[in-house]
Q: 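What follows is a single structure, and I will ask about it in a moment.
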Amino acid sequence: MNTEQHEQYEYARRRIKQKKRLYYHFVLFLIGSLFFLLIEKLFDIQPFEGWYLWAVTIWFFLFILHFIKVYITDRFMNKEWEREQIERLMAKQEQRIKQLEQKIEKETKF
């Protein structure tokens, strides 16, 4: 397996692992929400009014952040994106260095 194939394999493996963790998080969220509901309704445990809704809402918000990270952020900002950004910045630096060298040459001629 050459280097490029190995990188593609590793990227695919990481993406599958991220998605798998997201699915586990979703299942855990559903089970946890049901557990909180059972605690509130069956055992009548209420540390404060509406705690169940607050707990589920905060957990849902965390799940949405996890979802955004997996399906939006990491999808577009992967290794290829990093390489493109590095190459773009290096090209800008080289262009700036050439401009400075030309400026120095012009100043030294006088």
Q: Between Q18 and R15, is there a side-chain donor-acceptor contact under 3.5 Å, judged purely by atom types and distance?
A: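 Side-chain D/A pair, R15 to Q18: present.
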
Q: Any side-chain heavy-atom pair from M90 and E87 closer than 4.5 angstrom?
A: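 Not in contact.
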
Q: Rounded at 0.5 Å granularity, tell me how far CD in E7 sits from CD in E10.
A: 9.5 Å

Q: Around atom OH of Y9, are there more than 12 heavy atoms of other residues, nucleotides or ligands at under 6.0 Å?
A: no

Q: Could you work out, with ring pair (Phe, Tyr, Trp, His ring centres under 6.0 Å) as the rule, every residue matching W54, not counting sequence neighbours?
A: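 Partners of W54 under the ring pair (Phe, Tyr, Trp, His ring centres under 6.0 Å) test: none.
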
Q: Hey, are the side chains of I64 and F60 touching, using non-hydrogen atoms and a 4.5 Å cut-off?
A: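 Yes - at least one pair of side-chain heavy atoms lies under 4.5 Å apart.
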
Q: Using the six-membered ring wherever Trp is involved, compare the ring planes of F63 and F26 and label them parallel, tilted or perpendicular (cut-offs 30° and 60°).
A: tilted

Q: For the residue pair F36 and V56, what are the closest heavy atoms and their distance?
A: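 Between these two residues, the closest heavy atoms are CD1-CG2, 4.3 Å.
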
Q: Atom OH in Y71, atom NE2 in H66: separation rounded to 0.5 Å?
A: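 It comes to 9.5 Å.
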
Q: Drop me the distance from L100's CG to K103's NZ, to the nearest 0.5 angstrom.
A: 7.0 Å

Q: For the CD atom of Q102 and the CD atom of Q99, what is their distance to the nearest 0.5 Å?
A: 7.0 Å

Q: Let me confirm one number: the CD-CG distance from E40 to L53, rounded to the nearest 0.5 Å.
A: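 The distance works out to 7.0 Å.
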
Q: Is R88 close to Q85 at the side-chain level, that is, under 4.5 Å between some pair of heavy atoms?
A: yes

Q: Hey, does W59 have a side-chain heavy atom less than 4.5 Å from the side chain of L28?
A: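 In short, these two side chains touch, coming nearer than 4.5 Å.
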
Q: Let me confirm one number: the NZ-CG distance from K17 to L22, rounded to the nearest 0.5 Å.
A: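 So the gap between those two atoms works out to 15.0 Å.
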
Q: Would you say that F35 contacts I39 through its side chain, given a criterion of any heavy-atom pair below 4.5 Å between the two side chains?
A: yes

